[in-house]
Participant: 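Dumping the structure here so I can ask a few things about it.
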Amino acid sequence: PAPPITQKDKRLTSRLTFASSTCTGHCSDTEKDINEKPVMRNLLLIVWFVIMFSAAGFGDVVYLRRQKNSAVEFSCVSTNVNAKPFAFSLMRDLVKPEKVLYVHFGNSPSIFNEKDKNRFDVQVDSSHHQVTVNFSHLLGRHTDLYRCVFHYDLAKFEDYPGKLKFFLYVEDSTPFKGA
């Protein structure tokens with residue numbers, strides 16, 4: 001038999017029903033936007049599911065919401081503090097999986113997307129176990145799940161993840177084309 005439906009289940013169901021219903025009568029502009037633009041509604045639902053799934057299945061995820069042309073700062077801390085890493089990478093994992101930047105400690109960062117060359121500032125602490133990334137002039141295309149990787153030269157080359165992942169959502173005022 002199915003478990004009983006709780007008040008929380010009813011509230012969640014009513015919210016999901018609202019998001020998927022068509023707007024009739026008096027609706028706010030936000031309700032109209034969500035219901036008249038299925039791409040927007042679907043994107044919001046996908047983002048919600050990704051955040052919930054990531055937080056539940058992949059450890060700690062920090063949600064960062066910023067406006068277009070603003071900046072964000074996040075600190076990456078290695079899960080291995082017993083050895084000193086020689087390098088650090090920042091990766092995108094969800095919307096556009098790719099390596100964003102690489103820093104061999106003591107050198108300038110290598111930024112892999114030419115359009116983002118002047119958007120990053122990277123600070124490394126003296127132990128090399130913590131890296132602070134400043135990401136400026138954000139655009140909607142920067143929305144993604146970011147993760148940190150620390151590179152070690154132990155008995156062999158090994159990678160260790162950062163303790164946190166960062167879901168960055170950049171509100172871009174550019175409307176969806178075709179929606």
Participant: In this structure, is the centre-to-centre distance between the rings of His151 and Tyr102 below 6.0 Å?
Facilitator: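 Close enough - the centres of the two rings lie under 6.0 Å apart.
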Participant: Looking only at heavy atoms, what is the nearest atom pair of Thr143 and Val95, with distance?
Facilitator: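 That would be O-CG2, 3.7 Å.
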Participant: Should we count NZ of Lys96 as having more than 12 external heavy atoms under 6.0 Å?
Facilitator: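 No, because the 6.0 Å sphere around NZ of Lys96 holds 12 heavy atoms or fewer from other groups.
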Participant: Would you indicate whether the side-chain heavy atoms of Leu138 and Asn69 approach each other to under 4.5 Å?
Facilitator: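 When only atoms from C-beta onward are counted, Leu138 and Asn69 do not touch, as no gap falls below 4.5 Å.
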Participant: Show me the pairs that pass salt bridge (charged side-chain N to carboxylate O under 4.0 Å, His left out) and involve residues 134-146, at least two apart or across chains.
Facilitator: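 As it turns out, the salt bridge (charged side-chain N to carboxylate O under 4.0 Å, His left out) pairs with a partner in residues 134-146, which skip direct neighbours, are Arg92-Asp144, Asp116-Arg141.
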Participant: From Asp121 CG over to Asn118 CG, what is the distance, rounded to the nearest 0.5 angstrom?
Facilitator: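 Interatomic distance, Asp121 CG to Asn118 CG, rounded to 0.5 Å: 11.5 Å.
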Participant: Pairing donors with acceptors under 3.5 angstrom, does anything connect the side chains of Glu158 and Tyr160?
Facilitator: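 Yes, a side-chain donor-acceptor pair sits under 3.5 Å.
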Participant: When hydrophobic residues are tied together by side-chain contacts of less than 4.5 Å, even through go-betweens, does Val81 share a cluster with Phe88?
Facilitator: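 No: no chain of side-chain contacts under 4.5 Å links Val81 to Phe88.
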Participant: To the closest 0.5 Å, what do you measure between NZ (Lys163) and OG (Ser75)?
Facilitator: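 Spacing of NZ (Lys163) from OG (Ser75) equals 12.0 Å.
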Participant: Any chance you could measure Thr132, atom OG1, to Asp125, atom CG, to the nearest 0.5 Å?
Facilitator: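 So the OG1 of Thr132 and the CG of Asp125 are separated by 7.5 Å.
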Participant: Do Asn80 and Ser78 meet the criterion of a side-chain donor-acceptor pair at a distance under 3.5 Å?
Facilitator: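 Side chains of Asn80 and Ser78: no pair found under 3.5 Å.
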Participant: Taking the side chain as C-beta and beyond, is there a heavy-atom pair between Val61 and Leu164 under 4.5 Å?
Facilitator: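 With C-beta onward as the side chain, the pair stays apart.
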Participant: Under 4.5 Å between any side-chain heavy atoms of Val100 and Phe135, yes or no?
Facilitator: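 No; the side chains remain at least 4.5 Å from each other.
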Participant: My understanding is that only one of Arg66, Lys68, Arg65 makes a salt bridge (charged side-chain N to carboxylate O under 4.0 Å, His left out) with Asp172; could you say which?
Facilitator: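 Of Arg66, Lys68, Arg65, salt bridge (charged side-chain N to carboxylate O under 4.0 Å, His left out) with Asp172 is met by Lys68 alone.
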Participant: In the structure I gave you, are the side-chain heavy atoms of Leu94 and Phe167 within less than 4.5 Å of one another anywhere?
Facilitator: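 They are in side-chain contact.
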Participant: Which value, rounded to the nearest 0.5 Å, describes the distance between Arg147 atom CZ and Lys165 atom NZ?
Facilitator: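 If I round to the nearest 0.5 Å, the distance is 6.5 Å.
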Participant: Mind listing the closest non-hydrogen atom pair of Val149 and Met91 along with its distance?
Facilitator: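 Between these two residues, the closest heavy atoms are CG2-CG, 4.0 Å.
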Participant: Give the cluster check for Leu168 versus Leu139: same hydrophobic cluster or not, with ILVMFWY residues linked at side-chain heavy-atom distances below 4.5 Å.
Facilitator: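 Shared cluster, no.
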Participant: Given side chains that start at C-beta, do those of Tyr169 and Tyr63 come closer than 4.5 Å, heavy atoms only?
Facilitator: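 Side-chain contact under 4.5 Å: yes.
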Participant: Looking at every heavy atom in both Phe74 and Leu90, which two are closest together, and how far apart are they?
Facilitator: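 Smallest interatomic distance, heavy atoms only, reads CE1-CD1, 3.9 Å.
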Participant: What closest approach, in Å, do His128 and Val124 show between heavy atoms, and which atom pair accounts for it?
Facilitator: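 Minimum heavy-atom contact is CD2-CG1, 3.6 Å.
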Participant: Return all side-chain donor-acceptor pairs below 3.5 angstrom for residues 103-112, not counting sequence neighbours, or 'none' if the list is empty.
Facilitator:
{"residue": "His104", "atom": "ND1", "partner": "Asn107", "partner atom": "ND2", "Å": "3.4"}

Participant: Between Ala71 and Ser136, which heavy-atom pair has the shortest distance, and what is it?
Facilitator: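 For Ala71 versus Ser136, the nearest heavy atoms are CB-CA, 3.8 Å.
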Participant: Quick check for you: to the nearest 0.5 Å, what is the distance between Leu101 atom CG and Asn113 atom CG?
Facilitator: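 Rounded to the nearest 0.5 Å, the CG-CG separation comes out at 11.5 Å.
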Participant: Do Cys76 and Phe166 come close enough that some side-chain heavy atom pair is under 4.5 Å?
Facilitator: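 Side chain of Cys76 against side chain of Phe166, heavy atoms only: contact under 4.5 Å found.
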Participant: I want to check something: taking the side chain as every heavy atom from C-beta on, are Lys84 and Ser127 in contact at a cut-off of under 4.5 Å?
Facilitator: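 Side chain of Lys84 against side chain of Ser127, heavy atoms only: no contact under 4.5 Å found.
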Participant: Work out which heavy atom in Val77 is nearest to a heavy atom in Phe150; give both atom names and the distance.
Facilitator: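 For Val77 and Phe150, the tightest heavy-atom pair comes out as C-CE1, 3.7 Å.
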